[in-house]
Amino acid sequence: MLKSHTCGELRSQHIGQSVTLAGWIHRRRDHGGVIFIDVRDREGIVQVVFNPELSKQSHEEASQWRNEFVVQVKGEVARRPAGTENSRMPTGEIEVIARSAVTLSRAKTPPFYINEEQEVDESLRLKYRYLDFRRPRMKDNLILRHRVVKFMRDFLDARGFVEVETPILIKSTPEGARDYLVPSRLQPGKFYALPQSPQQLKQLLMVGGMEKYYQIARCFRDEDLRADRQPEFTQLDLEMSFVEEEDVLRLMEDMFTQLVQTITPQFKLITPFPSLSYAEAVSRYGSDKPDVRFGLHLHELSDILGKSEFEVFRQAVEKGGKIKGISVPGCAGYSRRELDELTQIAKSCGAKGLVTLSINPDVARPEDVTLERVRSIIARFLKPEELQGVVQRLEAKGGDLLLLAAGDAVLVDKVLGELRKEMGKRLNLADPDLLAFAFIRDFPLLEWNQEEGHWQAMHHPFTAPMLEDMPLLDTAPDRARGRHYDLVCNGFELSSGSLRIYTRELQEKVFKLLGYKQEEIEERFGHMLEAFDYGAPPHGGIAPGIDRFVMLLARETNIREVIAYPKTQSAADLLMNAPSPVSDTQLRDLHLKIVE
RNA sequence: GGCCCCGUGGUGCAGCGGCCUAGCAUGCGAUCCUGUCAAGGUCGAGAGCGCGGGUUCGAAUCCCGUCGGGGCCGCCA
């Protein structure tokens, strides 16, 4: 090794020891005579002193050094002279007195600061990602990610799980996200797909008797990117045989609870994790991935306002829709402009508009609310008892702002869910030190695909229907619930899983519900059905998203900050410059021709 | 496919029709300096404002297009 110690580990206990350090020049302070240089490696920073009277060679070498040069220094660890200790540095009690010095690599001035925590344009950071890794933010995030994955592996290993790798080149799956395709050279005109998840492969491992499987699995989905979505991402993919919902959920609760307590104990948890049905989540929070760190619950108002003089409300209910509202504490003073902003959010979700109602701050008790003491464009349409009913239902008080939406039931929940999120953010209602995990259960098995005019699986086509809803598959498939569960945290979907179908009969029935013809079923899923013929155990699993979870632990708002080499919104890699054109020879080998 | 924001020396910001032959901080180079730690002092170099077009007597500032980055909707079994 070119070093005997790391820079960051040196303490007063090392005083008197001869050490060899190697690292980067973090910062230099040249006094003309003595030179102080902070040398940095992954473990930290230590001050090295170059005194021409003690070592002419090392002083001359060091006077050539600039930031980010890679150097090796031999010297003695010494206690700093009284009064020159630096309490802000972990190594601040000591310094290394240089005896000899070697320049291992020279460095150009970097395109952005390594030694200062200044915001830098992200595209520049991505282009020079290797320099970004030298900064504490990325370094700490990558180390945190390592510790999280290590914990997961150890945890599952201790519970009898076996890590199995599955291929990256697999068969294209018809449903779901767009596949990334890889052309086959040996079989002209055919393609592999990169896995959206190892779903079928892990189920077949269960059929194979592996019983408990996991994998840190890379997944690929060719869809548009978001702050929490990358085209390739990592899941802790796992599957278990002979289990029911509770077994999977308890495993997840134990794992995440112990992980957070061990790795990031600064976060608070709510245990046991609360459980909400999909219907409850949507009706109370307007989302199937609610941030349950704060209230601002949605309440149904159709029964109170459905016969109102206000045309929009009355028609919404007559047409089978509904009216709902939330009460935002202390926002009755919102200006016209602020209310317009909220209306704009509602419209961006597809609403026609938004009804706001401000309650005068001088209203002491809910029963004192009168039509004269509220401000709203619908005040003149309301009867006093309607207003009273709304105020009581929303548990509103003086100074509150009520936001009311009416129309299509799904839309109303979505609109108010967005507004709830927005107001939670504006009012800082969410405790940043809390990781509010919650299980969402009882999802519908199917959802209607409006564009293509057929049913599609809410989760995936291998999800088992709930036993008691099995008869509904024939009569009212829209009402059948799947044995599907999600784990959400602070408004993010962290995991999705289910118990799976494990008989040919049921699997074929579901495929047919999804609109597949018998030949398609055979062509696309024949291998699964055949596997089920050979004694498939009841099984189920879940797949927590590692990037999103680490993002929450790192208090980042963007998944790219916890991925070493992420892609931009246009799915480009700015470091390697991918995607890129390829040679005609490569194309010919793959039997491909570029059109246009 | 759509909506919104951003793009000024190496970096981060200011300037938003003439006061800009573009300002500040930091970095960079030189020099002085033996106890600093965002070391300090002095001197110096460094951008014509992403790119293209237009409006105007005059554009970094306004308009159009385009490229790049970001947030969002759609999409994400």
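Reminder, nothing fancy here: chain letters follow the sequence lines and each chain counts from 1.
- If you check every strand for non-hydrogen atoms under 4.0 Å, A/K127 touches nothing.
- With respect to A/E341 and A/R426, a salt bridge is recorded, a charged nitrogen being found less than 4.0 Å from a carboxylate O.
- With hydrogens and angles ignored, a donor-acceptor pair closer than 3.5 Å exists between the side chain of A/R80 and the base of B/C37.
- Within the nucleic acid shown, A/T463 has no heavy atom closer than 4.0 Å to any nucleic acid atom.
- Residue A/D486 contributes atom CG, which lies 13 Å from atom C1' of B/C76 at whole-angstrom precision.
- If you check every strand for non-hydrogen atoms under 4.0 Å, A/R560 touches sugar and phosphate atoms only.
- Judged purely by atom type and a 3.5 angstrom limit, A/R80 uses its side chain to pair as donor or acceptor with the backbone of A/I94.
- Nucleotides B/C73 and B/G52 place their P atoms 35 Å apart, quoted to the nearest Å.
- The side chain to side chain contact (heavy atoms under 4.5 Å, CB included) test applied to A/V410 returns A/D408, not counting sequence neighbours.
- The phosphate of B/U36 has neither OP1 nor OP2 within less than 4.0 Å of any side-chain N or O from A/R29.
- Applying the Watson-Crick and G-U wobble criteria (two distances, each under 3.5 Å), B/G27 pairs with nothing in any strand.
- Across all strands shown, B/G58 has no partner, as no Watson-Crick or G-U wobble contact with both distances under 3.5 Å is found.
- When each of B/G70, B/C76, B/G35 is scored by its nearest atom to the side-chain atoms of A/V34, the top-ranked nucleotide is B/G35.
- Here B/G69 is the nucleotide among B/G69, B/G74, B/C37 with the atom lying nearest to any side-chain atom of A/T568.
- Side chain to side chain, A/R125 and A/S123 fail the donor-acceptor criterion of an N or O pair below 3.5 Å.
- When heavy atoms are screened at a 4.0 angstrom cut-off, A/P111 is found touching the sugar-phosphate backbone but no base atom.
- Side-chain contact between A/E508 and A/L529: present, with at least one pair of heavy atoms (C-beta onward) separated by less than 4.5 Å.
- Between A/H460 and A/F462, the angle of the ring planes lies from 30° to 60°, which puts this pair in the tilted group.
- Of the candidate nucleotides B/A30, B/U26, B/G71, B/A30 has the atom lying nearest to any side-chain atom of A/R66.
- Residue A/Q230 contributes atom CD, which lies 18 Å from atom P of B/C76 at whole-angstrom precision.
- Ring centroids of A/Y278 and A/H484 are separated by 6.0 Å or more, keeping the two rings apart.
- In this structure, A/F36 forms an aromatic stack with the base of B/U36, since both conditions hold: centre separation below 5.5 Å and plane angle below 30°.
- Judged by centroid separation below 5.5 Å and plane tilt below 30°, A/H31 does not stack onto the base of B/G35.
- Between the C1' atom of B/G71 and the CG atom of A/D224 lies a distance of 13 Å, rounded to the nearest Å.
- Rounded to a whole Å, the OH atom of A/Y113 is 8 Å from the C1' atom of B/G10.
- Between A/R11 and A/E93 there is no salt bridge, since no side-chain nitrogen of the basic residue lies less than 4.0 Å from a carboxylate oxygen of the acidic one.
- Considering only side-chain N and O atoms, A/R226 lies nowhere under 4.0 angstrom from the phosphate OP1 or OP2 of B/G74.
- When each of A/L124 and A/Q47 is assigned the nucleotide of RNA chain B bearing its nearest heavy atom, the one mapping closer to the 5' terminus is A/L124.
- With its glycosidic angle within 90° of 0, B/G48 adopts the syn conformation.
- Note: CZ (A/F50) to P (B/C33) measures 20 Å, nearest angstrom.
- Residue A/D121 is classed as a sugar-phosphate contact, given heavy-atom separations below 4.0 Å to backbone atoms only.
- Remark: the separation of the C1' atoms in B/C3 and B/U8 is 27 Å, to the nearest Å.
- Using a 4.0 Å heavy-atom cutoff across all strands shown, A/E447 reaches no nucleic acid atom at all.
- As rounded to the nearest Å, B/C72 and B/A14 have C1' atoms that lie 29 Å from one another.
- Pairing of B/G74, defined by two Watson-Crick or G-U wobble distances under 3.5 Å, is not identified with any nucleotide.
- For the C1' atoms, the distance linking B/G54 with B/A59 amounts to 11 Å, nearest Å.
- Not a single donor-acceptor contact under 3.5 angstrom links the side-chain atoms of A/D38 to the base of B/C37.
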Base versus backbone protein contacts along nucleotides 43-49 of chain B [heavy-atom cut-off under 4.0 Å; B, S, -]: -------
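- Nucleotide B/C33 is matched to nothing when pairs are restricted to Watson-Crick or G-U wobble geometry with both distances under 3.5 angstrom.
- Both A/E95 and A/R27 lie close to RNA chain B; mapped to their nearest nucleotides by heavy-atom distance, the more 5′-ward contact belongs to A/E95.
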Which side-chain N or O atoms in residues 511-518 of chain A pair as donor and acceptor under 3.5 Å with protein atoms at least two apart or in another chain?
unit_1 : atom_1 : unit_2 : atom_2 : d
A/K512 : NZ     : A/Q518 : OE1    : 3.1
A/Y516 : OH     : A/E175 : OE1    : 3.0

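- A close approach under 4.0 Å does occur between a side-chain nitrogen or oxygen of A/N67 and OP1 or OP2 of B/C28.
- Contact annotation: the side chain of A/M252 never approaches that of A/L249 to less than 4.5 Å [non-hydrogen atoms, C-beta and beyond].
- Among the heavy atoms of the strands lying under 4.0 Å from A/Q569 is at least one base atom, whether or not backbone atoms are also near.
- Taking atom P in both B/G18 and B/C63, one finds a spacing of 15 Å when rounded to whole Å.
- The side chain of A/A572 has B/G69 as its nearest neighbour among B/C73, B/G69, B/C37.
- Evaluation of atom-type donor-acceptor distances gives a pair under 3.5 Å for the side chain of A/R229 against the base of B/C75.
- Taking 4.5 Å as the limit, some side-chain heavy atom of A/E232 sits within range of a side-chain heavy atom of A/K567.
- Distance from the side chain of A/T84 is smallest to B/G35 among B/G35, B/G74, B/C72.
- Computed from coordinates, the A/Q196 CD to B/C75 P distance equals 16 Å when rounded to whole Å.
- Atom C1' of nucleotide B/C72 and atom CD1 of A/I559 are separated by 16 Å, given to the nearest angstrom.
- A/R88 comes within 4.0 angstrom of sugar-phosphate atoms only, judged by non-hydrogen atoms across all strands, and of no base.
- One P atom belongs to B/U26, the other to B/C43, and the distance between them is 14 Å to the nearest Å.
- The residue A/I35 sits apart from the nucleic acid: no heavy atom pair falls under 4.0 Å.
- When the P atom is compared between B/U21 and B/G68, the two are found 33 Å apart, to the nearest whole Å.
- Residues A/S172 and A/L181 are in side-chain contact: their nearest non-hydrogen atoms beyond the backbone lie under 4.5 Å apart.
- Taking side-chain N and O atoms only, A/K414 has a distance below 4.0 Å to OP1 or OP2 of B/G74.
- Here, B/G35 and B/C49 have their C1' atoms 44 Å apart, quoted to the whole Å.
- In this structure, the CG atom of A/N115 is 13 Å from the C1' atom of B/G10, given to the nearest Å.
- Note on A/N51: a base of the nucleic acid sits closer than 4.0 angstrom, heavy atoms only.
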